[in-house]
Amino acid sequence: MDLRDVTKNQHFLPQVEQRLNAINPQAKSKNQKIYSFSIKNRDSCTVSIDSEIGVSICKNLSLNDLFSFDVLGKEASKYNFEKLFHSYEVIIQANTESLLSKIHSPKTDVKLEIFNIFRSKFLNFIRNPYSIKKILNTFSELKGVIPTDPIHFANFNRVLNGNKPQQDYLCEQLGITKNDYEYWLATIFFLLNSMGTDQPNFLDRLIKRIYENPNRLVRVCVYTYDDENCLLSDRGYNTYVGEGGEMVWEFNLCSYAFIRYIFEDLNAYIPDFITKETIEFFKSMPKSISVESRHNDLAVLEIYNKHTVFLCHEHVFGASKAYKGVNVSL
């Protein structure tokens, strides 16, 4: 793929996700706004509103040339990842709206929407500048890898050695080193580029393995609300280890809904009296994903909003000035 793109204002949390939480969703996209809150105290879940009229989504959660790895002076000669991101972003709204229209109907199949939403929103983790250290640790095996394909090698060389006039400023802003920044861009390059003809990229293969791992159970719950709002983190996700050791990922869907994915280690739930043959047979069977929905569960919403405040970097966002479980100070 040709990685040239003229975009300078590069969002690390897609505008489409922010627009699903807009204060004024009926306005033209260039005029849409979202409320922004700064964290004052994580332990007491206290935030303060940054602007009574909201902030422009067009300029929110973005940095100039954040993903540009070779800027040659002419705008048409700028190389970045915007086109690679687009293929994930373009399906978010349709899959979100489809899921929310189906989720409360009995026996409706939403597996495709559930998978596509996780696929798109997992990218928020990969591309978030506030999570660079964690990303480099998670994908440390990619450091030092060099593509053999000549075209990929040429682009990879641009990633590491291209002209990055924004680099010093961004590193200072984000509290990272030059090497951190370059290897983060290299990690994105390897995760999102397909290294073989008609082959899924590394990220899509990784997500597929997460879902199809025979040692893992996947449970998903979609929470929707009539009169309450769900926060959106500046990271774009919440992730933590549950009380039973399960890995949990939470994502905002829109102003009135969020989704929780729970990945459980199957071996932790098998009683000692079950034979090894039975266990292996069960693991060999196709796994189904458990999907459920809950409407107006305020206790869970309070937990979700508190998670979002506690786990964000510095800011949370939303369509309302008030949130269950959150103290908004003046």
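Below, all heavy atoms of this structure are taken into account, side chains as well, without hydrogens, waters or symmetry copies.
Of the residues W184, Y183, F156, the one that meets the ring-ring contact (aromatic ring centres under 6.0 Å, His included) test with F190 is F156. Considering D204, N116, I126 as possible partners of Y88, the one that fulfils the side-chain contact (heavy atoms from CB on, under 4.5 Å) test is D204.
For S329, the side chain to side chain contact (heavy atoms under 4.5 Å, CB included) partners are K40, T46, S48, not counting sequence neighbours. Listed by chain and residue number, F139, F202 satisfy the side chain to side chain contact (heavy atoms under 4.5 Å, CB included) test with E141 (two or more places apart in sequence, or in another chain). Residues passing the ring pair (Phe, Tyr, Trp, His ring centres under 6.0 Å) test with H104, sequence neighbours excluded: H295. Residues that satisfy the side chain to side chain donor-acceptor pair (under 3.5 Å) test with Q166, not counting sequence neighbours, are Y181. Taking V16 as the reference, P14, I92, Q93 meet the side chain to side chain contact (heavy atoms under 4.5 Å, CB included) condition, with sequence neighbours excluded.
No side-chain N or O of Q10 forms a donor-acceptor pair with one of S62 less than 3.5 Å apart. With 3.5 Å as the limit, one finds a donor-acceptor pair spanning the side chains of D5 and T7.
When the shell of 6.0 Å around NZ of K102 is examined, it contains more than 12 heavy atoms from other residues, nucleotides or ligands. The neighbour count for Y240 OH, taken as heavy atoms of other residues, nucleotides or ligands under 6.0 Å away, is above 12. Heavy-atom neighbours of D226 CG from other residues, nucleotides or ligands within 6.0 Å: above the threshold of 12. The number of heavy atoms from other shown groups lying within 6.0 Å of CZ (R158) is above 12.
Closest approach of A257 and C230 over heavy atoms only: N-SG, 3.5 Å. Residues V309 and C312 approach most closely at O-SG, 3.4 Å, considering heavy atoms.
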Check against ring-ring contact (aromatic ring centres under 6.0 Å, His included), Y256 and Y225: CA-CA 5 Å; Y256 61 87; Y225 299 90; 9.0 Å; no
What's the verdict on salt bridge (Lys or Arg N to Asp or Glu O under 4.0 Å) for R294 and E292, showing C-alpha distance, side-chain angles and the deciding distance? CA-CA 7 Å; R294 297 182 188 175; E292 61 178 306; 3.6 Å; yes
Can you list the steps and then say if D180 with K133 is a salt bridge (Lys or Arg N to Asp or Glu O under 4.0 Å)? CA-CA 8 Å; D180 288 339; K133 297 286 189 180; 2.8 Å; yes
Between R260 and E250, is the salt bridge (Lys or Arg N to Asp or Glu O under 4.0 Å) condition met? List the steps. CA-CA 4 Å; R260 178 181 287 166; E250 296 174 335; 2.8 Å; yes
Please step through side chain to side chain contact (heavy atoms under 4.5 Å, CB included) for the pair E228 and L298, ending with a clear verdict. CA-CA 8 Å; E228 297 287 344; L298 299 184; 3.7 Å; yes
Should F263 and F118 be marked as a ring-ring contact (aromatic ring centres under 6.0 Å, His included) after you check the CA-CA gap, both sets of side-chain angles, and the distance that decides it? CA-CA 12 Å; F263 300 95; F118 186 83; 5.5 Å; yes
For R216 and E246: C-alpha separation, side-chain torsions, deciding distance, then whether salt bridge (Lys or Arg N to Asp or Glu O under 4.0 Å) applies. CA-CA 10 Å; R216 182 175 290 123; E246 66 275 14; over 6 Å; no
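Here the side chain of D234 pairs a donor or acceptor atom with the backbone of H313 at under 3.5 angstrom. With hydrogens and angles disregarded, a donor-acceptor distance shorter than 3.5 Å links the side chain of S87 to the backbone of L84. For the pair K143 (side chain) and A186 (backbone), a donor-acceptor distance under 3.5 Å is absent. At least one donor-acceptor pair closer than 3.5 Å links the side chain of N95 to the backbone N or O of I91. A donor-acceptor contact shorter than 3.5 Å is absent between the side chain of R205 and the backbone of Q199. Looking only at distances, a side-chain donor or acceptor of T138 sits under 3.5 Å from a matching main-chain atom of K134. No donor-acceptor pair closer than 3.5 Å links the side chain of D65 to the backbone N or O of S68. No donor-acceptor pair closer than 3.5 Å links the side chain of N163 to the backbone N or O of D70.
Grouping the Ile, Leu, Val, Met, Phe, Trp and Tyr side chains by contacts below 4.5 angstrom, directly or via other members, places L174 with F67. Under the 4.5 Å side-chain heavy-atom criterion for Ile, Leu, Val, Met, Phe, Trp and Tyr, L185 and V145 are members of the same hydrophobic cluster. Cluster membership for L311 and Y323, using ILVMFWY side-chain heavy atoms within less than 4.5 angstrom, is not shared. Linking Ile, Leu, Val, Met, Phe, Trp and Tyr residues whenever their side-chain heavy atoms come within less than 4.5 Å leaves V316 and L253 in two separate clusters. Under the 4.5 Å side-chain heavy-atom criterion for grouping Ile, Leu, Val, Met, Phe, Trp and Tyr, L136 is connected to L170 within one hydrophobic cluster.
Aromatic rings from F317 and F37 are positioned such that their centres are separated by 6.0 Å or more. Side-chain rings of W249 and F122 approach one another, their centers coming within less than 6.0 Å. Checked against the 6.0 Å centroid threshold, Y237 and F251 do not count as a close aromatic pair. Aromatic rings from F81 and F69 are positioned such that their centres are separated by under 6.0 Å. The six-membered or imidazole ring of F85 lies away from that of F12, with a centre-to-centre distance of 6.0 Å or more.
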Quiz: residues 17-24 side-chain donor-acceptor pairs under 3.5 angstrom, not counting sequence neighbours:
unit_1 : atom_1 : unit_2 : atom_2 : d
E17    : OE1    : K121   : NZ     : 2.9
E17    : OE1    : N124   : ND2    : 3.4
E17    : OE2    : N124   : ND2    : 3.1
Q18    : OE1    : N60    : ND2    : 2.9
Q18    : NE2    : L13    : O      : 3.1
Q18    : NE2    : N60    : O      : 3.2
R19    : NH1    : S29    : O      : 2.7
R19    : NH1    : Q32    : OE1    : 3.0
R19    : NH2    : Q15    : OE1    : 2.5
N21    : OD1    : N252   : ND2    : 3.0
N21    : OD1    : S255   : N      : 3.2
N21    : ND2    : E17    : O      : 2.9
N21    : ND2    : N252   : OD1    : 2.9
N24    : OD1    : K33    : N      : 2.9
N24    : ND2    : N31    : O      : 3.1

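Rounding to the nearest 0.5 Å places NZ of K324 at 13.0 Å from CG of N229. Atoms NE2 and CG, on H152 and N157 in that order, are 14.5 Å from each other to the nearest 0.5 Å. If you take NZ on K59 and CG on N64, they are separated by 10.5 Å, rounding to the nearest 0.5 Å. Note that CD1 of I114 and CD1 of I289 are 8.0 Å apart. Values are rounded to the nearest 0.5 Å. Expressed to the nearest 0.5 Å, how far CG of N201 lies from OG of S194 amounts to 6.5 Å. Remark: I188 CD1 to I135 CD1 distance equals 6.5 Å, nearest 0.5 Å.
Residues I262 and V218 have side chains not in contact (no heavy-atom distance under 4.5 Å, counting atoms from C-beta outward).
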